[in-house]
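Any value given below was found using the heavy atoms of this structure, including those in side chains, with hydrogens, waters and symmetry copies removed. These numbers were taken from a predicted model, which means no experiment stands behind them.
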Amino acid sequence: MPDEHVFVNAGFDFCDGVGARLVGHTLSLNGSIGVNFYMDLDESVADSDTAYMYFTIPGNTVTYQTVYVNEQSDASLPYAEKKTVGDKTYYVFPCSVAAKEIYSDITAQIIDGEDHGDSYTYSVKEYADYLLENANDKGTDEQKAYYAAKPLVEKMLQYGEYARAYFDDETLNSITDVEIPSDFEGYSASLPDNDTFAGATLSLKSETTLSLYIKKDSTISYAFCEDENINARTVETAASGGYQIIRIRNIAANELQYQYTVHFRIGNDPNTYYVKYKPMAYCYKVVNDGKSDGKLINLAKALYQYSQAANLYFGREG
């Protein structure tokens, strides 16, 4: 969701012990669901190589995230992005949450060595409520932007509600007015034998991940992935219990209906094989295989509706 259209003033006016002020939030839907925290930092903090934002996300298992103020020598460590709003430059700290954590309060705190700033809380649900309450197609430019995002945010909240119910084993009303089209049924592949492709799963943690399972003991020696727009996607490979696993991470809501083509080689076999698969094919299977639990069926339907709303919001047919 474009930051410049959905900036929410935090309403805080304080300077904590490490010279940092929280000035606003935006909602992030690029691959993961989360909140971006906009911070006004004093020069001593902005120039620090050790300062970071520490996030705590409660749940059945408490999770933690660290985002540094500045880029680190270890390129894998996340750091804040600089954003200009009006005539001010802010440091933006993203915190991603799993769909089931949309309703959870995120605790955020700036830390630099022994110095700890004040902590404060915010949630995706709190942001979403603000947006929905202020959406108005006849109002200001900001209110019109909220109004345009309203259908997407409503479906995101529904998805989060059914995700929480699924993981907490809570029964909610069934989603009965949704059918996932048969366009998402099945997959296509070029494989060394008929039994090589064993299936796929979707992980719905802080990011959406598609995992493809190849039934082989030989390690995958090469893997490359591209989406239907011919954009290369980062893939990871792993092995477990006689299966080779290819993972495509950070799939955004409006990319769930994409077809992903994974090219790979196995062991010393010089041939390159492929699997073409859509994440929504997993949801189609869950809804139609006659074997899945009702809570999982509801979650698959809610995810499909969320992807539909994202397609409309971002201008993609689906």
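- Donor-acceptor pairing under 3.5 Å is recorded for the side chains of Asp74 and Ser76.
- Between Glu226 and Thr261, the side chains place no donor N or O within less than 3.5 Å of an acceptor N or O (distance only, hydrogens not considered).
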Q: Give the C-alpha distance, both sets of side-chain angles, the deciding distance and a yes or no for ring-ring contact (aromatic ring centres under 6.0 Å, His included) between Phe93 and Tyr52.
A: CA-CA 9 Å; Phe93 297 84; Tyr52 59 91; 9.8 Å; no
Q: Go through the steps for Gln305 and Tyr159 under the test side chain to side chain contact (heavy atoms under 4.5 Å, CB included), then give the verdict.
A: CA-CA 8 Å; Gln305 288 191 307; Tyr159 169 46; over 6 Å; no
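- Between the side chains of Arg265 and Thr272, a donor-acceptor pair is found at a separation under 3.5 Å.
- Using a 30° and 60° split on the angle between ring planes, Phe197 and Tyr277 fall in the tilted class, from 30° to 60°.
- Cation-pi geometry between Lys215 and Tyr213 is not met: the NZ or CZ atom fails to fall both under 6.0 Å from the ring centre and inside 45° of the normal.
- Put simply, CG on Leu303 and CD1 on Ile180 are 8.0 Å apart, with the number rounded to the nearest 0.5 Å.
- A 6.0 Å sphere centred on CD of Glu179 holds no more than 12 heavy atoms belonging to other residues, nucleotides or ligands.
- More than 12 heavy-atom neighbours from other residues, nucleotides or ligands sit within 6.0 angstrom of OH on Tyr273.
- Checked against the 6.0 Å centroid threshold, Tyr284 and Tyr304 do not count as a close aromatic pair.
- A single hydrophobic cluster is seen to contain both Ile175 and Phe184, as judged by linkage of ILVMFWY side chains at heavy-atom distances under 4.5 Å, directly or through other members.
- There is no side-chain donor-acceptor pair under 3.5 Å between Tyr258 and Asn254.
- No chain of hydrophobic side-chain contacts below 4.5 Å, direct or via other Ile, Leu, Val, Met, Phe, Trp or Tyr residues, connects Ile245 to Ile220.
- Formation of a donor-acceptor pair under 3.5 Å by the Gln65 side chain with backbone atoms of Ser96 is found in this model.
- For Tyr54 and Tyr64, the gap between ring centers is short of 6.0 Å.
- With ring centers used as reference points, Tyr38 lies 6.0 Å or more from His25.
- Under a 3.5 Å cut-off, the side chain of Gln72 and the backbone N or O of Asp49 do form a donor-acceptor pair.
- Remark: the Thr176 side chain and the Ser174 side chain contain no N/O donor-acceptor pair separated by less than 3.5 Å.
- Aromatic pair Tyr79/Tyr68: centroids not less than 6.0 angstrom apart.
- Within the 3.5 Å criterion, the main-chain N or O of Thr140 finds a donor-acceptor partner in the side chain of Gln143.
- A donor-acceptor contact under 3.5 angstrom links the side chains of Ser292 and Asp289, judged on distance only.
- No more than 12 heavy-atom neighbours from other residues, nucleotides or ligands sit within 6.0 angstrom of OH on Tyr147.
- At distances below 3.5 Å, at least one donor-acceptor pair connects side-chain atoms of Glu101 with backbone N or O atoms of Ala98.
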Q. What do the steps show when you test Ser123 against Thr121 for side chain to side chain contact (heavy atoms under 4.5 Å, CB included), and what is the final call?
A. CA-CA 7 Å; Ser123 70; Thr121 62; over 6 Å; no
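- Not one N or O on the side chain of Glu236 forms a donor-acceptor pair closer than 3.5 Å with the backbone of Arg247.
- The line from CG of Leu202 to NZ of Lys285 is 12.0 Å long, rounded to the nearest 0.5 Å.
- Salt bridge annotation for Lys276-Glu228: absent, with no cationic side-chain nitrogen under 4.0 angstrom from a carboxylate oxygen.
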**Q.** Worked check of side chain to side chain contact (heavy atoms under 4.5 Å, CB included) between Tyr90 and Lys88
**A.** CA-CA 6 Å; Tyr90 300 111; Lys88 288 285 293 183; 3.4 Å; yes
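- Within the model, atoms CG of Asn136 and NZ of Lys150 stand 9.5 Å from one another, a figure rounded to the nearest 0.5 Å.
- Using modelled atom types and a 3.5 Å distance limit, the side chains of Asp227 and Asn229 yield no donor-acceptor pair.
- The CG atom of Leu77 sits 9.0 Å away from atom OG1 of Thr66, with the distance rounded to the nearest 0.5 Å.
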Q: Carefully, step by step, assess Ile106 and Val97 under the rule side chain to side chain contact (heavy atoms under 4.5 Å, CB included).
A: CA-CA 9 Å; Ile106 301 165; Val97 301; 3.8 Å; yes
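- There is a path of hydrophobic side-chain contacts, each under 4.5 Å, that joins Tyr306 to Phe167.
- If you take NZ on Lys278 and CD on Gln257, they are separated by 8.0 Å, rounding to the nearest 0.5 Å.
- Contact of the Leu191 side chain with the Val275 side chain is registered, since non-hydrogen atoms from C-beta on lie closer than 4.5 Å.
- Under 3.5 Å, the side chains of Gln109 and Asp118 contain no donor-acceptor pair of N or O atoms.
- Using a 4.0 Å cut-off between charged nitrogen and carboxylate oxygen, Arg21 and Asp42 count as a salt-bridge pair.
- By the rule that hydrophobic residues join a cluster once side-chain heavy atoms approach within less than 4.5 Å of another member, Tyr313 and Tyr130 end up as members of one cluster.
- A single hydrophobic cluster is not seen to contain both Tyr260 and Tyr274; linkage of ILVMFWY side chains at heavy-atom distances under 4.5 Å, directly or through other members, places them apart.
- Of the possible polar contacts, one joining the Ser48 side chain to the Ala51 backbone as a donor-acceptor pair under 3.5 Å is found.
- Heavy-atom contacts from other residues, nucleotides or ligands closer than 6.0 Å to CG of Asn173 number 12 or fewer.
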